[in-house]
Every structure is written in C-alpha cells, then in structure tokens.
Amino acid sequence: MTVLQSLTETPGIWTLDPARSTLRFSNKTFWGLVNVKGEFTDVSGQGEIAPNGAVSGHLEVPVASLRTGIGKRDHHLRSADFFDADAHPTLRVVVTGAEPTDTDAVDLRAEITVRGTTAPLPLTATLDRVGDDAVRVTAQTTVDRTRFGVGGTQLGMLPVTTTLTADLVFTQ
C-alpha cells in the first residue's frame with residue numbers, strides 16, 4: 001500500500017505545521033560560481049483528502065518573509081526588480097491532484113503564482129508518515145523565474161533557473 005493510499009483511509013483537512021516546515025530556494029550567481037540560498041520563513045497552507053481519494057491543497061507564501069541572511073540583498077529581492085512584494089505580496093501554490101508513482105512518491109498536479117502570473121509547477125513529492133497524525137511532503141523543482149517576470153539578470157550574473165525545495169509537515 002502506498003503512503004497516499006494509507007492517507008485516503010483518513011480523509012479530511014490537513015494543516016501545514018509552519019514550525020516543522022521549510023520552503024527554500026537557491027540560485028547560482030556570478031556566472032555560476034556562487035550559490036545564493038534563501039528561505040521563506042512564513043508559509044501557511046492546507047491540504048485535503050476527499051473521501052473518494054481526491055487530493056487538493058494550497059500554500060500561501062508572503063514575499064516579505066524571504067530571507068537570505070543579507071538584509072540588503074533581501075530588500076532588493078523583494079523590490080520591483082525581482083518579486084515586487086509591494087504589488088504582489090504573496091506567492092501561491094495550488095495542488096489539484098496527486099498520482100502515486102511508487103510506495104512513497106506522488107506526482108502532484110500543481111500551479112504556482114508569482115507576480116500575478118500563474119503557471120504549471122511540475123512536482124514529484126515524497127510522502128512520509130510522521131507519527132499517527134502527520135505527514136511530511138518533500139519536493140524539489142526548478143523554475144524559470146523569467147516566466148513570472150522575476151528579473152535581475154545583469155551581464156549573465158544570474159541564470160534564469162531557480163531551484164525550489166519544500167519540506168512540509170501537515171497535521172490532521
């Protein structure tokens with residue numbers, strides 16, 4: 001039995017536990033020599049497993065919670081050059097379905113909205129039970145940030161792809 005199948009035995013709402021969850025990003029800079037890493041420190045969301053086994057959910061990510069460890073860079077990433085947090089304060093991920101691929105992995109049908117632009121977000125996630133009332137969802141994907149109007153490329157210093165890594169715990 002897959003983890004997803006075992007979860008359908010207890011349908012209902014699953015709420016993100018922000019204290020046990022992380023949403024990180026990384027992007028190479030300086031012509032691929034340096035890796036800028038950061039985290040969104042404020043993430044909320046929930047998932048639902050319907051009695052028929054259908055999976056749905058969403059994450060809300062305030063852009064203002066972006067942290068790289070360098071305040072000036074964080075401020076610049078929140079500016080109109082990148083995420084434009086004043087005009088688009090929230091990133092959103094919406095999941096509309098899941099298909100098991102093996103005992104602990106699923107392909108999620110998802111979309112991400114950044115700067116008001118929504119696009120498909122290909123995700124294969126690993127599911128793990130964490131006790132009787134929690135599940136960990138781990139996923140990593142690469143997105144083309146220019147698809148969402150997230151700029152910043154100057155003289156090839158910042159490649160267009162960004163890696164997103166999620167380690168999310170949901171409780172019922």
Side-chain angles (χ1 to χ4, degrees), residues 14-47 55-96 98 104-128 130 134-170:
W14 293 74
T15 303
L16 182 75
D17 181 347
R20 296 170 27 183
S21 300
T22 59
L23 182 58
R24 295 187 170 109
F25 63 90
S26 65
N27 211 118
K28 293 207 179 280
T29 64
F30 296 110
W31 303 280
L33 299 175
V34 176
N35 206 15
V36 172
K37 296 178 182 181
E39 181 174 347
F40 292 95
T41 59
D42 183 14
V43 180
S44 63
Q46 69 179 30
V55 173
S56 62
H58 70 276
L59 294 177
E60 302 288 329
V61 184
V63 175
S65 74
L66 179 150
R67 302 286 184 272
T68 64
I70 299 174
K72 190 171 184 175
R73 178 171 52 204
D74 296 350
H75 178 74
H76 189 215
L77 288 172
R78 292 183 203 114
S79 77
D81 288 344
F82 288 92
F83 286 105
D84 197 6
D86 289 340
H88 306 282
T90 305
L91 308 176
R92 184 170 171 84
V93 176
V94 176
V95 173
T96 59
D104 64 352
V106 294
D107 283 334
L108 298 174
R109 284 188 307 279
E111 293 182 330
I112 186 170
T113 302
V114 179
R115 288 182 61 125
T117 300
T118 301
L121 181 66
L123 285 175
T124 298
T126 302
L127 304 178
D128 296 300
V130 184
V135 64
R136 171 173 274 114
V137 179
T138 306
Q140 182 172 315
T141 191
T142 302
V143 296
D144 177 344
R145 61 186 173 68
T146 62
R147 185 174 190 183
F148 302 97
V150 178
T153 299
Q154 297 175 4
L155 303 174
M157 289 179 59
L158 191 59
V160 298
T161 57
T162 298
T163 301
L164 302 174
T165 304
D167 185 9
L168 309 170
V169 175
F170 292 86

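Nothing fancy with the numbering, it's 1 onward along the sequence. From a predicted model like this one, the values you see are computed outputs, not experimental measurements.
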Side-chain heavy-atom pair His88, Val114 within 4.5 angstrom cut-off:
no
Would you say Val106 and Leu108 make side-chain contact, with heavy atoms under 4.5 Å?
yes
Roughly how far apart are Gln46 CD and Ser56 OG, rounded to 0.5 Å?
8.5 Å
Between Val43 and Pro18, is any pair of side-chain heavy atoms under 4.5 Å apart?
no
Are the side chain of Arg115 and the backbone N or O of Ala87 linked by a donor-acceptor pair below 3.5 Å?
no
If we ignore angles and hydrogens, is there a donor and acceptor under 3.5 Å between the side chains of Thr41 and Arg67?
no
Looking only at heavy atoms, what is the nearest atom pair of Arg78 and Ala64, with distance?
NE-O, 3.3 Å
Say you draw a straight line from OG1 of Thr68 to CD of Glu39; how long is it, rounded to the nearest 0.5 Å?
11.5 Å
Note, Val143 side chain near Leu164 side chain (heavy atom, < 4.5 Å):
yes
Is the distance between the ring centroids of Phe148 and Phe83 less than 6.0 Å?
no
Could you tell me the separation between the CG atom of Leu123 and the CD atom of Gln140, rounded to the nearest 0.5 Å?
10.5 Å
Would you indicate whether the side-chain heavy atoms of Leu59 and Leu168 approach each other to under 4.5 Å?
yes
Hydrogens and angles aside, do Thr161 and Asp144 bring a side-chain donor and acceptor to less than 3.5 Å of each other?
no
Interatomic distance, Arg136 atom CZ to Asp17 atom CG [nearest 0.5 angstrom]
10.0 Å
Which heavy atom of Ala125 sits nearest to which heavy atom of Val137, and what is that distance?
CB-CG1, 3.8 Å
Correct closest heavy-atom pair for Val169 and Ala134 would be CG1-CB, 4.1 Å
Apply side chain to side chain contact (heavy atoms under 4.5 Å, CB included) to the pair Leu127 and Asp104, showing each step before the final yes or no.
CA-CA 5 Å; Leu127 304 178; Asp104 64 352; 5.5 Å; no
Indicate the atoms forming the closest heavy-atom contact of Leu77 with Phe25, along with that distance.
CD1-CZ, 4.4 Å
When you measure from the side chain of Asn27 to the backbone N and O of Val36, does any donor-acceptor pair fall under 3.5 Å?
no
Is there a donor-acceptor pair closer than 3.5 Å between any side-chain N or O of Arg24 and the backbone N or O of Lys37?
no
Backbone of Phe170 reached by a side-chain donor or acceptor of Arg20 within 3.5 Å
no
Distance-only polar pair, side chains of Asp167 and Thr22, donor-acceptor under 3.5 Å:
no
By the definition side-chain contact (heavy atoms from CB on, under 4.5 Å), identify the one residue from Leu121, Thr141, Thr117 that meets it with Ile112.
Leu121
Minimal non-hydrogen separation, Glu111 against Thr118, with atom names
OE1-CG2, 3.6 Å
